[in-house]
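Along the sequence shown, the residues carry numbers beginning at 1.
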Amino acid sequence: MNKAITDGIVFQPLPFSAGLSIWSSGDGTPGSDTYAISGSGVFVAADQDFAGCLEVLKADSVTKVRYMGETPILPGCYLRVTARVKAVAGPLPSVRIAGWAGLAGGAQATGLTETGPSTLLTTYGEVVEISAIIATADRTGVDMVWTDANYGHIGVDLTGDNGGLVRIDDIEIEDITSVFTRDLVGLVDVRDYGAKGDGVTDDSAAFDAADNAADGRTVIVPEGDYLLAENVSMQSPVRFIGRIVQAPDFHFILQRDYDYNIYLDAFQDEETAFKKAYQALINFADHESLNLCGRRILLTEPVDMQACDPSSDRFETRRVIRNGHFQPEDGAVWDTTEVTSQATYSTSDDNRLTNVVDAGNIPVGSLVQGNGVGREIYVTSVNVSAQTLELSRPLFDAEGTQVFTFTRFKYMLDFSGYVKFSQFIIDDIEFQGLGIASGIMMAPEGFTFHVRDCYINRPKDRGITSPGRGCQGMMIDRCNLISDEQSVPVADRTTIGFNANANDVKVRNNRTSKFMHFCVLAGSGSLIAGNHWFHGDDEVNGLRKGGIVITLPNPKSIFTGNYCDNNFIEWTNEHSSSPALGTQFSFGGLTITGNMFTTNDVAAWFNFIVIKPYGPNHYINGFSVVGNVFRSLNGRIDRVENVDTTFADLDYGRTRSFEFSANTFHNVNEPVSNPVSLTHTQSTEATTWVMQTGDSLPFQGVAKTVESVTPMGQITNASDNRQYDFPWAEGEQGADLRSVHLNWPVAVKGSVRYQVRMDETV
């Protein structure tokens, strides 16, 4: 590149023969003294060494010769200034290239080096050539770095003893940019635009200038540490050799070739590169996704996702992080934080703790534990001045004041710093927890957070945690969740795959292994389809826990096409501050259809579906269990369903719209259904046949109504004559209300097949 050739820019000063009025004995600025009037310099037309030259008497401590024309100083342009001089008489001075650097508008550019190397003249009549290179870039070989200058008045200085005569040949200024850029064809060097790369000087403006000048070419960042203390956005492709240093408060947005690798090249640190690439993802509209390029990112600490861009605590635009691997580096920073604090709970404000001692010590996202506290309740926000905590769900029996425990797990990706965070997708990522770190902490508020095709492997405590309602519309698809408790007996496990507090959660086609619980669902409108969760152990007659825990009594949710292996569906109302039945819906709005349930090596009392009311007077109202397969291997179980009466039983007399039918049972002693079809044989004549349903109704419910009666052969009286009168039936008979009476006009005997329901269908 040569600007004199390509752009016609004139760098060369006029010769001395053009007149000394354009050569200044001062700075060269307009109005400064010229050699035409100063009397200390004369033009010598003929010299044996020079065709024409300026003879100068050194009369000042620094005698200056400056061209009064404005020599352009351009970013990326390297100028070599050359002067040939010789001493004629008197004391021998030193000579150097020098100049005055100017800004647009005429002011001097301060703080720049305005002199080149100095050379001492040692012999009269000897021609000595001196030179210096001027450029905006601070590069090796550049003598005078004029980063901010727009032009210069260039010439030479004489220093040393006064009284000597020196002759100076015409000064030459040539563009030698090609010497510096011959290996950078098609590249724009940020140093040419003033970048220092010293880790101290703010190089933001230089990066912007280089990007603007690139015009489609690649910007190169040479070796060095480049501090960017402002927001910088690069439209051009960038090649990094040096390292970018930038605080989280500022953005570094690469608009071209955007992926994790380019940010790793830029910041040369895995964690920093991810944080800055994520920051760019949410701050540049043209970036839809961040591709981690299949890289493993070793995390030395939990990534506070909101702190990656402290300027915003809300984000609600679709974005994706895909194709990578996160893994924690072992260290104390991953240790669980546990705080105990006294607080007060009231059912009149049931999502809040008040009078919290040292509330400021309790982190958002802490798991809350204490008397009367249900599972997976988290702190969604902290008000230190008011001494209050907001909770993700109400507490079922914690009225009054007590000491609570607040446990904060550490997550590889932690979004809890956001107030609201929505429409985010994590795709094809492996979270390799190694038993050191948990996976993902969501934001307290938000919707449609989507985790798909991911592996959450060996999380220390939790796979995915929702500390509030950021899980509204959450989707978890085709993921593999593997606990760190593969060899731990079920009774001793503590880890949970994920939880959700809000509604419309979709959990589809996932595989989960050996957590305490696959998930805890506290919202409604969930679809759980095509999943396989297995949570057994090698214990003989081992304990089993709920694989899926539903904590809303009327969740209006569907389970279909799942494989529930060595655990059960546990249905509670533990997230209600008034767990006794009031005006709310009772247990209903749940459909379990077309699933496979299997277990092995368990005690006979194991069940696949367990309802656990946390308060009295609840009943079943709209529950369907249809077309499932229930199988026990290596031993039989008594029944597939049960009510856990730890806190309360169901009111079976109020059961409504309960369908439990068309299921298949293997190694189950009591294959139940509702309605249930039974047979009764009356050997002796009676007007009232007492017919037992035993344990054949689900949850050992009451025999409420008889739907149909069909004789199986002849019905005869005491004379052995056929009886054609139709009987009438009564339900809820006997002390346990599980018998029905079939009443005849006369005493008869015979056999009937009859169908009994434990519910009202209207």
Side-chain angles (χ1 to χ4, degrees), residues 2 4-5 9-29 32-72 78-100 114-134 141-144 152-176 178-179:
N2 189 303
I5 296 174
I9 296 175
V10 176
F11 297 106
Q12 181 67 26
L14 292 173
F16 295 119
S17 60
L20 299 187
S21 61
I22 57 174
W23 290 94
S24 172
S25 58
D27 292 326
T29 56
S32 60
D33 289 340
T34 69
Y35 279 97
I37 61 173
S38 69
S40 60
V42 295
F43 174 69
V44 178
D47 180 273
Q48 61 185 16
D49 298 306
F50 308 142
C53 62
L54 174 66
E55 183 177 279
V56 178
L57 172 65
K58 186 179 183 311
D60 301 308
S61 58
V62 177
T63 298
K64 300 178 180 180
V65 178
R66 297 287 188 274
Y67 181 52
M68 297 188 72
E70 295 181 354
T71 301
Y78 294 76
L79 302 180
R80 180 166 62 192
V81 183
T82 303
R84 298 168 67 230
V85 301
K86 65 180 179 180
V88 177
L92 296 169
S94 294
V95 188
R96 65 192 181 195
I97 301 296
W100 184 91
E114 294 186 318
T115 59
S118 182
T119 300
L120 177 64
L121 302 182
T122 59
T123 305
Y124 298 116
E126 179 185 3
V127 177
V128 175
E129 183 175 280
I130 60 171
S131 67
I133 295 174
I134 302 173
V142 176
D143 303 295
M144 299 159 65
H153 297 294
I154 298 172
V156 298
D157 286 343
L158 304 178
T159 63
D161 295 337
N162 292 335
L165 281 177
V166 176
R167 288 185 178 178
I168 305 169
D169 197 5
D170 292 329
I171 295 174
E172 296 181 356
I173 301 177
E174 57 183 325
D175 181 355
I176 60 164
S178 60
V179 174

Minimum heavy-atom separation for P72 and I9, please, with both atom names. CG-CG2, 3.8 Å
For a side chain to side chain contact (heavy atoms under 4.5 Å, CB included) check, start with the C-alpha distance between I176 and Y78, then their side-chain angles and the critical distance, and finish with the verdict. CA-CA 6 Å; I176 60 164; Y78 294 76; 4.2 Å; yes
Going by heavy atoms in the side chains, are T119 and V128 under 4.5 Å from each other? yes
Side-chain heavy atoms of M144 within contact of V81, under 4.5 Å: no
Return the OG to CG distance between S94 and D161, rounded to the nearest 0.5 Å. 9.0 Å
Shortest non-hydrogen separation from L20 to G41 and the atoms involved: CD1-O, 4.0 Å
CH2 (W23) and NZ (K64) are apart, to the nearest 0.5 Å, by 15.0 Å
So how far is it from R84 CZ to R167 CZ, rounded to the nearest 0.5 Å? 13.5 Å
With side chain to side chain contact (heavy atoms under 4.5 Å, CB included) as the test, would you mind laying out the steps for D27 and H153 before giving the verdict? CA-CA 7 Å; D27 292 326; H153 297 294; 6.0 Å; no
Identified side chain to side chain donor-acceptor pair (under 3.5 Å) counterpart of K86 within the set D47, T123, D169: D47
Measuring from atom CG of N162 to atom CG of D60, what distance do you get when rounded to the nearest 0.5 angstrom? 6.5 Å
Quick one: pull up CD in E174 and CZ in F11 and give me the separation to the nearest 0.5 Å. 11.0 Å
If we ignore hydrogens and angles and just use 3.5 Å, is the side chain of D143 paired with the main-chain N or O of I133 as donor and acceptor? yes
Tell me if a side-chain donor or acceptor on Q12 pairs with a main-chain N or O of I171 at a distance below 3.5 Å. yes
Stepwise salt bridge (Lys or Arg N to Asp or Glu O under 4.0 Å) test for R66 and D33: CA-CA 10 Å; R66 297 287 188 274; D33 289 340; over 6 Å; no
Is a donor on one side and an acceptor on the other found under 3.5 Å between the side chain of Y124 and the backbone of G90? yes
May I ask you to test the D170-F50 pair for a side-chain heavy-atom distance under 4.5 Å? no
I want to check something: taking the side chain as every heavy atom from C-beta on, are V95 and K58 in contact at a cut-off of under 4.5 Å? no
Test side chain to side chain contact (heavy atoms under 4.5 Å, CB included) on T159 and S118; report intermediate values, then the result. CA-CA 9 Å; T159 63; S118 182; 4.3 Å; yes
For P117 and A132, which heavy atoms make the closest approach, and how far apart are they? CD-CB, 4.2 Å
Apply side chain to side chain contact (heavy atoms under 4.5 Å, CB included) to the pair V156 and V85, showing each step before the final yes or no. CA-CA 10 Å; V156 298; V85 301; 5.5 Å; no
Min side-chain heavy-atom separation T63-S40 under 4.5 Å: no
For a quick test of reading the model, state the closest non-hydrogen atom pair linking A87 to L92 and the distance between them. CB-CD2, 3.4 Å
Nearest-0.5 Å distance, CD1 of residue I97 to CG of residue L79: 12.0 Å
Heavy-atom pair with the smallest gap, counting every atom of Y35 and V56: OH-CG1, 4.0 Å
With M68, which of S32, S21, P13 fulfils side-chain contact (heavy atoms from CB on, under 4.5 Å)? S32
How about L14 and Y67: do any of their side-chain heavy atoms sit closer than 4.5 Å? yes
